[in-house]
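Letters A, B, ... are given to chains in the order of the sequence lines, protein chains preceding strands, and every chain is numbered from 1.
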There are 2 protein chains.
Amino acid sequence: MEKKPTVYDVAHEAGVSIATVSRALRTPHSVRPNTRKAIELAIKRLGYVPSGSAQSLAARRTNSIGLFLPNIDELDSLSDFQLTTIDQAEVVVDPPRTPSMRPDSFYFDSLLRGCELEAWRQGLSLMVNIGLGRTDTDVSRLVNDMSGKVDGLIVMARSVPERVLEPLRRHLPLVMVANAPSDHEEEFDLVRVSNRKGMSALVRHLVKAHHVSQIAYMAGPDDSPDNHKRYEGFCEGLRDCGLNPEAAPIYRGQFSQVIACTITKSLIAQDSLPEALVCANDQMALGAMTALSRAGVPVPGRVIITGFDGISETEATEPRLTTVRQPIVDLGRAAVSTLVKRMSAPGDPPISTELPVTVLLRESCEGPLAGV
Amino acid sequence: MEKKPTVYDVAHEAGVSIATVSRALRTPHSVRPNTRKAIELAIKRLGYVPSGSAQSLAARRTNSIGLFLPNIDELDSLSDFQLTTIDQAEVVVDPPRTPSMRPDSFYFDSLLRGCELEAWRQGLSLMVNIGLGRTDTDVSRLVNDMSGKVDGLIVMARSVPERVLEPLRRHLPLVMVANAPSDHEEEFDLVRVSNRKGMSALVRHLVKAHHVSQIAYMAGPDDSPDNHKRYEGFCEGLRDCGLNPEAAPIYRGQFSQVIACTITKSLIAQDSLPEALVCANDQMALGAMTALSRAGVPVPGRVIITGFDGISETEATEPRLTTVRQPIVDLGRAAVSTLVKRMSAPGDPPISTELPVTVLLRESCEGPLAGV
DNA sequence: TTGTAGGCGTTATCAC
DNA sequence: GTGATAACGCCTACAA
């Protein structure tokens, strides 16, 4: 591979000075057509591409932003990857099994797509990193490395410990996604969805339209802020309808399909199913549906099931699952949009945005619906 | 926001020279413990992070690689994004409808994840870009911009016109994914999956294990290399079993679920269903399944349906869909792995890797299977 | 319109 | 061990 040409090479080839080359690139109209042609020709000939590093150094901005995502579980079992070509397609029988999903992937993929989208619109490059480092030190190295290469950073909640975030924030525009360190949440730029309002609207619908009063909550992990917000919404919805949240049973499904399935099975066995089982995410709702359909319990006839998130699997169940859809792609776009604002106005007060969610009423609470 | 501290600030704060600061960072053992401590302290105090641009410029390498993905259809309708907070969760009835999927997203998301994974393992940053530009000029600007910021580029097939790829290749390590410009394919580094072998293995299984002889092919778009490779495999499989590929009907499903559904419906109406309908991708197989299940045609009793790709929806149908799974995440890892090799050995001959696929036999051809 | 020269923040090669 | 100093490739006044 040939040595990379620089402005000097182009200048020499075109018989002009490097300043003129630079100008021809940045303010074409400020250079005489003839010389411009010559320069363009030289550029083509040499296959010249400006060095991003040098440009960034001189301009003191990189025109890129970074996105930092947390660990993804599948990455835990990361082995050395070997480039080998096997000359045969494998043929295997693939027996049915409880689907083991990658619940988080959908979220991250969508978020990423939103960021890409908006970054592109804003003319920015997007650098992606996953917090794969086990230790704080590793993550710290990663995020430091990245922060040297970008003009601003979007950080998914819980992907970076606050201890490493805090010093960064002094010199780098930072936008948090989903939530910010609780201590001084209001100091951060933040984008999130209104988990609370979505859940309360759903609960109000259940009570008012379907007249259920025995409602149970299938909860996520205690350390999940999303779960907390959703539970708050659950309680709020009940209170709005004059019901007592304290009276509603809570089951700890840990955002897990399998656990939710097990719990639901035992509820069936003890004949202690509520009129409606409100799950803190779709995975658990899917698990509950599995248990109910195996036991032949009619949904929504005997029990109403609802989820939260709006993953595509909720459309494939029978009946389809009522859920609350988060605008995750828009969340990504909002993050970039906020970051851009911040970069151009470093002194302004923090921007906190809450995106609205959509309650999707489907057969698991409505019963048969006319198709389109 | 405070001015970003530089080595000079750190040096001054610690009472040493910038050279020593640099050394303390890169070869800690070559500096006396005391001075090192002082420097580390100064770094913490100031919140210093090295400038990636300057590092890259001096080191003549960026330690990042780029991934270039093609247009994603959903992006066509890209509007200005407004940061607005609506203070209400929307509640809507969501009627059942033919699912409109994002067929490509799954592929790109998985590929991206594979790249992230391997890039992380190799200590590289990953820069992602989508070829959203309408015109060649736009794409060209995008890819040029990106190529100035990275040490190497991974390019998804058909995301960048060859005309802009060719000059880039002179100075930048480049790995193609899925396929390379046909003219001089063998000059490119390339990673792909063995579409042909997967399809032929599937067809051989259908003929030998299920004794079908009337097989039809539901084809993708003519301009899709994947479709061609799969059709080659289809023919090869038939020939291997002594059947004549010329005799097999071809239906043009265009990789579209809706079109495949329509076609299948008319096949049912004309009573011209084959014994097995081999689809060039999962979307079309899903469309066919929809038509068949609506018409009450038993699968695989009356007709066997197979797909290709291994998307998750194929596990949700009843019966589940026999398909060929591509190792897309591994494809991404292989791409990065190849790129790294190339970067460290620019002169070596092109590396072409073909990853094996897996034929997943499920109920849509096998009939009832024992679960696990 | 074009050229000269200083600076952007690091790394690395010298001396000391 | 530590400190000057010259690259690295580009941008941008400032001159011409």
Grab the [atom1]-[atom2] distance between [X] and [N] for me, whole Å please.
X: Leu57(A); N: dC8(D); atom1: CG; atom2: C1'; value: 9 Å
X: Arg61(B); N: dA12(C); atom1: CZ; atom2: P; value: 11 Å
X: Arg60(A); N: dG7(C); atom1: CZ; atom2: P; value: 12 Å

What's the spacing between [X] [atom1] and [Y] [atom2] if we round to 0.5 Å?
X: Ile39(A); Y: Lys44(A); atom1: CD1; atom2: NZ; result: 12.0 Å
X: Ile65(B); Y: Lys149(B); atom1: CD1; atom2: NZ; result: 15.5 Å
X: Glu116(B); Y: Ile130(A); atom1: CD; atom2: CD1; result: 4.5 Å
X: Met1(A); Y: His171(B); atom1: CE; atom2: NE2; result: 9.5 Å
X: Ser56(A); Y: Leu57(B); atom1: OG; atom2: CG; result: 9.5 Å

ask   = Base, sugar-phosphate, or nothing: which does Val16(A) touch, judged by heavy atoms less than 4.0 Å apart?
value = sugar-phosphate
Contact letters for nucleotides 11-16 of chain D, in which S counts primed atoms plus P, OP1 and OP2 and B counts the base, heavy atoms under 4.0 Å = BB----
key: Selected nucleotide, minimal atom distance to Ser51(A) side chain, candidates dT4(C), dC10(D), dG3(D)   = dC10(D)
inquiry  = Looking at dG9(C), I'd like to know if its phosphate oxygens (OP1 or OP2) sit under 4.0 Å from a side-chain N or O belonging to Thr6(B).
reply    = no
dG3(D) phosphate, OP1 or OP2, under 4.0 Å from Thr20(B) side-chain N/O = yes
request  = Decide side-chain contact (heavy atoms from CB on, under 4.5 Å) for Phe188(A) and Arg169(A); before the verdict, give the C-alpha distance in whole Å, the side-chain angles of both, and the deciding distance to 0.1 Å.
outcome  = CA-CA 9 Å; Phe188(A) 283 82; Arg169(A) 218 160 66 83; 3.0 Å; yes
key: Contact list for DNA chain C against residues 30-46 of chain A - heavy-atom distance below 4.0 Å   = Val31(A), Arg32(A), Thr35(A)
key: 4.5 Å side-chain heavy-atom contact, Met343(B) and Leu124(B)   = yes
ask   = Should Val164(B) and Asp136(B) be marked as a side-chain contact (heavy atoms from CB on, under 4.5 Å) after you check the CA-CA gap, both sets of side-chain angles, and the distance that decides it?
value = CA-CA 8 Å; Val164(B) 21; Asp136(B) 270 21; 5.5 Å; no
